[in-house]
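Before any comments, here is the structure.
Reminder, nothing fancy here: chain letters follow the sequence lines and each chain counts from 1.
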Number of protein chains: 2
Amino acid sequence: MDHYYLKQKKILLVDDEREILAMITDFLSEDGYTQIRTAGTVKEALRTAEEWKPDFAVLDVMLPDGDGFFLFEQMRKFTQIPVLFLTARGEDEDRIRGLGLGADDYMVKPFLPKELLLRIGIILRRYYREEDPVVRLAGSRIDFARAEVVKNGEHLPLTAKEHEILSALCRNAGRIVTIDQLCEAAWGENPFGYENSLMAHIRRIREKIEENPSKPVSLITVKGLGYKLVPEGR
Amino acid sequence: MDHYYLKQKKILLVDDEREILAMITDFLSEDGYTQIRTAGTVKEALRTAEEWKPDFAVLDVMLPDGDGFFLFEQMRKFTQIPVLFLTARGEDEDRIRGLGLGADDYMVKPFLPKELLLRIGIILRRYYREEDPVVRLAGSRIDFARAEVVKNGEHLPLTAKEHEILSALCRNAGRIVTIDQLCEAAWGENPFGYENSLMAHIRRIREKIEENPSKPVSLITVKGLGYKLVPEGR
DNA sequence: CCCATCCTTACGTTTACCTTACATTTAAGA
DNA sequence: TCTTAAATGTAAGGTAAACGTAAGGATGGG
């Protein structure tokens with residue numbers, strides 16, 4: 001899965017029909033999205049948007065206490081998140097209006113859920129493309145694209161081997177990775193005779209990611225089996 | 001006008017109907033776009049795409065010598081530019097197919113020209129938003145449009161290769177760009193055997209952008225992984 | 001208490017990269 | 001077409017960060 005971190009973006013759905021909200025929510029969570037909230041009115045939507053700070057919003061144009069365009073303009077006063085409009089009316093005027101205001105997309109009801117998913121995916125990818133997948137640990141976080149770990153605001157660079165080893169651990173986050181597997185990840189074919197070297201690297205990694213390298217809480221050794229990387233909050 | 005440089009992006013229009021091409025061209029140039037080319041067949045489109053290197057493409061699905069989806073897949077082999085599909089058929093299957101392949105949007109004919117303009121604007125803004133025509137570094141700033149760097153009031157011109165390499169670094173500002181990626185950016189297909197030449201260019205670039213080229217703070221080397229360009233203020 | 005396993009540190013070695021000078025290609029102008 | 005300068009590519013010696021190694025120390029299970 002290439003863009004897994006996008007699935008953790010907070011999505012706000014605003015519609016006055018409960019069934020529509022339920023349906024979209026179902027499809028989104030089935031597709032892997034984990035953070036979804038809904039609202040049925042402009043008022044409710046504004047409150048949620050302000051407090052919860054979603055990363056993306058789907059707005060119905062027709063709402064009981066105002067229309068989606070008004071809601072959009074209110075939201076733009078405090079957030080620049082991308083927005084997709086849903087509209088029952090297919091009128092040209094409305095279609096243009098949403099986009100002209102600065103929305104990212106719109107869809108006409110009734111729509112195919114599959115298409116909504118695709119469009120949401122496109123927008124999120126486009127908008128949050130610059131963000132790197134970051135792995136959060138107990139006392140630090142790892143940014144692989146920049147090859148550095150941030151601990152207490154300090155930026156510590158990772159070397160090539162450290163990067164390889166951490167990647168391998170990360171790919172199996174939480175699970176045990178054997179020493180053989182780690183050697184293979186770092187040295188390719190002929191990963192023999194490097195067990196000691198691996199140990200030295202583990203030490204150097206711990207000095208970067210751990211609060212106290214001698215009492216590790218993130219990069220744990222499982223005696224006789226290997227190592228494992230535990231993400232923030234177990 | 002905030003995004004004036006977006007109007008200079010190269011746009012490729014592919015459709016088999018001359019009138020449609022003419023109409024879209026008119027609307028685009030009226031809206032300020034300066035670089036527009038058209039093609040009527042898959043073959044023609046591929047040639048233009050490869051030689052002219054457009055920044056964005058509008059593809060009709062129905063073409064005399066193949067369909068737009070095939071064309072899209074061929075183009076994806078050498079470019080990652082955003083694409084919008086035009087389709088006469090409103091069939092669900094087709095709508096989904098284009099988006100599923102990785103297109104950025106699609107529109108069903110007949111469409112409102114105004115809406116097409118808005119959608120193209122949205123895509124370009126999102127996609128090229130980070131391409132700041134001037135990039136600020138620790139001790140200098142790069143002006144890509146003029147192909148020069150300004151250091152202590154001095155204007156130092158960039159050569160073609162330096163420009164390519166810096167662009168590639170800039171597109172991933174802060175992130176690591178591998179030597180392979182940089183070679184590919186500068187020498188296209190067959191980026192092999194230029195590693196040493198790249199190094200020489202890196203040196204020359206450093207002499208232009210760095211206060212002290214031997215102690216770089218903007219164009220950093222990450223041993224074993226690649227290089228990265230760090231913008232002003234980390 | 002002993003053995004196995006892993007930790008820790010210091011230090012020697014390697015290799016990826018730097019630097020420079022020079023050769024070659026390209027492009028512009030005469 | 002020829003001339004020339006700038007841009008680009010190549011090669012070789014130098015360097016330091018990253019890596020590997022080894023040896024003594026800790027730790028815990030049996």
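- Distances shown here put a side-chain N or O of A:Y227 below 4.0 Å from the OP1 or OP2 atom of C:dC7.
- Here B:K223 lies in heavy-atom contact (under 4.0 Å) with a base.
- A:L225 has its CG atom 18 Å from the P atom of C:dA4, to the nearest Å.
- B:R203 contributes no side-chain N or O that forms a donor-acceptor pair with the base of D:dG9 under 3.5 Å.
- Rounded to whole Å, the distance from CG on A:L198 to P on D:dA22 is 16 Å.
- Note that CG of B:L84 and CD1 of B:I123 are 5.0 Å apart. Values are rounded to the nearest 0.5 Å.
- Checking D:dA7, D:dG20, D:dA11 against the side-chain heavy atoms of B:N196 singles out D:dA11 as nearest.
- For the pair A:D105 and B:R119, the salt-bridge criterion is met [side-chain N within less than 4.0 Å of a carboxylate O].
- Counting any heavy atom pair closer than 4.0 Å across all strands shown, A:A200 reaches a base atom.
- B:F56 does not carry B:K9 over the face of its six-membered ring by the limits of under 6.0 Å from the centre and within 45° of the normal.
- In this entry the distance linking CG of B:L158 with P of D:dA7 reads 10 Å, nearest Å.
- Partners of B:F72 by ring-ring contact (aromatic ring centres under 6.0 Å, His included), not counting sequence neighbours, listed by chain and number: B:F85.
- Between the side chains of B:Y106 and A:E115, at least one donor N or O sits under 3.5 Å from an acceptor N or O.
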Carefully, step by step, assess B:S167 and B:E164 under the rule side-chain hydrogen bond (donor to acceptor under 3.5 Å, both in side chains).
CA-CA 5 Å; B:S167 298; B:E164 298 270 13; 5.8 Å; no

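- Nucleotide D:dG9 holds its C1' atom 16 Å from the CG atom of B:N190, rounded to whole Å.
- Residues from residues 175-189 of chain A lying near DNA chain C, meaning a heavy-atom separation below 4.0 Å, are absent.
- Distance CD (B:E210) to C1' (C:dC18): 14 Å, rounded to an integer number of Å.
- Taking the six-membered ring for Trp and thresholds of 30 and 60 degrees, A:H163 and A:F144 have ring planes more than 60 degrees apart, a perpendicular arrangement.
- Closest to the side chain of B:T221, from the set C:dC6, C:dC17, D:dC19, is C:dC17.
- Regarding contacts with the backbone of D:dG20, a side-chain N or O of A:H201 is found under 4.0 angstrom from either OP1 or OP2.
- Contact check, A:R204 against C:dT9: no side-chain N or O comes under 4.0 Å of OP1 or OP2.
- Rounded to a whole Å, the CD atom of A:E195 is 17 Å from the P atom of C:dA4.
- Residue A:G193 is in sugar-phosphate contact alone, with no base atom involved, counting any heavy-atom pair closer than 4.0 Å across all strands shown.
- Side-chain contact check for A:N172 and A:Q181: no donor-acceptor pair (N or O, by modelled atom type) lies under 3.5 Å.
- Here C:dC18 presents its P atom at 13 Å from CD of B:E207, a figure rounded to the nearest Å.
- B:S197 comes within 4.0 angstrom of a base, heavy atoms only.
- Comparing C:dC17, D:dT10, D:dG20 by their closest approach to the side chain of A:Y194 singles out D:dG20.
- Close to C:dT8, at under 4.0 Å from its OP1 or OP2, lies a side-chain N or O of A:S214.
- Whole-Å rounding puts the A:K215 NZ to C:dC7 C1' distance at 11 Å.
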